[in-house]
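Naming convention: chains lettered A, B, ... in sequence-line order (proteins, then strands); numbering from 1 in each chain. Values reported hereafter were calculated over all heavy atoms of this structure, with side chains retained and with hydrogens, waters and symmetry mates removed.
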2 protein chains.
Amino acid sequence: MASKKNHKRDWAGSAESHDHRICIVDALDKAAELCSQRGARLTQIRRRVLELIWSSHRPIGAYSLLKVLKEERANAAPPTVYRALDFLLEQGLVHRIQSQNAFIGCADPNHQHNGMFLICTDCGNAVELEETKIDRLLKSSASSRGFVIESRTVEAAGLCPDCQIN
Amino acid sequence: MASKKNHKRDWAGSAESHDHRICIVDALDKAAELCSQRGARLTQIRRRVLELIWSSHRPIGAYSLLKVLKEERANAAPPTVYRALDFLLEQGLVHRIQSQNAFIGCADPNHQHNGMFLICTDCGNAVELEETKIDRLLKSSASSRGFVIESRTVEAAGLCPDCQIN
DNA sequence: TAGCGATTGTTATATTATAACATTTATGGT
DNA sequence: ACCATAAATGTTATAATATAACAATCGCTA
Ligand SMILES: [Zn+2]
Ligand SMILES: [Zn+2]
Ligand SMILES: [Zn+2]
Ligand SMILES: [Zn+2]
């Protein structure tokens, strides 16, 4: 497989900032590898949906995915997409962005986790954070109330550096 | 107005744990006061929707609200509810729970903020946290990437103390 | 009380997601 | 290779959530 960070970049996925083709190839390679290891079947549809999700760093909705799929596969219907999404979510290959009812590729599918995102309200790009401190704080805050966290959503909306220039 | 915490409780709103009528009265009193201060009009519909939202500590969906409203106001329709919700959200009197497409009363509407919640997957009750540390961490993490946060969603799902007993 | 903006009524439709059952495809044991 | 089985996909219908657009009414104030 390819892998290894292909560059540094300030922000998510503006075409200028990095060679996004590498993001896509890496994501698909890693997905294939993980599914293979797990005996999970990354079928054509599932792989294609993952590829479409990775077509940008912007969360994409199920029906946007469906629109594209339909051009390639006349009988694609909502369940086609939602089943693929269910699979990809189960495998930790994508995350759901709750504040947008949309989906984005996971930056690090090797270990299962809930995503944590900064999402630009202007360009739509999202970057995944890994802030273990936030999870620890949240866990301890819950714990002090006797609450046990099983999953969580953390999504911050605002302006990315590129979009603050305006 | 009434106000002042009416009791201590381990967790959210189980009927046994507290006199919930006081929660409702306090919430409505505070809403009236805030709207009055701001020159915002807490109309009958808006007040009633707020009251329905406060009927429990469980997030409630727009169409559940609508179902009740319709019994009292034959011509209630989706816009009736969504407009009231828009108003209540704007005034910071309720929060939207993104992971459930549902709404819950704000525990402290005096200062504008995004909510932060622990939500029990078993009983459905939710409690609002105020963890300034988490916001500070999130802000600084964003800041290190040049990102400026304008709003955020933090929702943790899991088991409340009551529901762990099973 | 006339005018004006805010609120509510009304109808229609957009968007997101799932249910239910039929058919096809992949896989493992013989 | 052949069959039994489970998994995946096809197909149709519908549920659940949310908004658009325009009309009618209300409430304030000039
Ligand atoms: Zn990229
Ligand atoms: Zn991830
Ligand atoms: Zn209560
Ligand atoms: Zn609040």
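Both A74(B) and N101(B) lie close to DNA chain C; mapped to their nearest nucleotides by heavy-atom distance, the more 5′-ward contact belongs to A74(B). Residue-to-nucleotide proximity on DNA chain C shows that, of P78(B) and R73(B), the 5′-proximal contact is made by R73(B). Between S64(B) and R83(A), the residue anchored nearer the 5' end of DNA chain D, judged by the nucleotide with its closest heavy atom, is R83(A).
If you measure from atom CG of L88(B) to atom P of dT8(C), you get 11 Å, rounded to the nearest angstrom. Rounded to whole angstrom, the span from the NZ atom of K67(B) across to the P atom of dA16(D) amounts to 10 Å. The distance from atom CG of N75(A) to atom C1' of dA22(C) is 14 Å, rounded to the nearest whole Å. For the pair Q98(A) CD and dT15(C) P, the interatomic distance rounds to 20 Å; values are reported in whole Å. Spacing between atom CG of L42(B) and atom C1' of dG27(D) amounts to 16 Å, rounded to whole angstrom units. Between the C1' atom of dG27(D) and the CD atom of Q44(B) lies a distance of 14 Å, rounded to the nearest Å. Protein atom CG of D86(B) is 16 Å distant from nucleotide atom P of dT17(D), rounded to whole Å. For the pair L69(B) CG and dT8(C) C1', the computed distance is 12 Å after rounding to whole Å.
Salt-bridge formation is detected for the pair E51(A)/R48(A): a Lys NZ or Arg NE/NH1/NH2 atom is positioned less than 4.0 Å from an Asp or Glu carboxylate oxygen.
In this structure, the nucleotide among dA8(D), dG9(C), dA20(D) sitting nearest to the side chain of T43(A) is dA8(D).
An aromatic stack links Y63(A) and the base of dT16(C), using centre distance under 5.5 Å and interplanar angle under 30°.
Each ring-ring contact (aromatic ring centres under 6.0 Å, His included) pair with one or both residues in residues 58-79 of chain B, not counting sequence neighbours, would appear here, but there are none.
Counting non-hydrogen atoms of neighbouring residues, nucleotides and ligands closer than 6.0 angstrom, the CD atom of Q44(B) reaches no more than 12 such neighbours. Counted within 6.0 Å of CZ on R38(B), heavy atoms from surrounding residues, nucleotides or ligands total more than 12; the atom is thus considered enclosed.
Side-chain N/O atoms of R46(A) include one lying less than 4.0 angstrom from OP1 or OP2 on dT9(D).
For K139(B), the side-chain contact (heavy atoms from CB on, under 4.5 Å) test picks out no residue, with sequence neighbours left out.
R41(B) comes within 4.0 angstrom of the backbone, heavy atoms only, and of no base.
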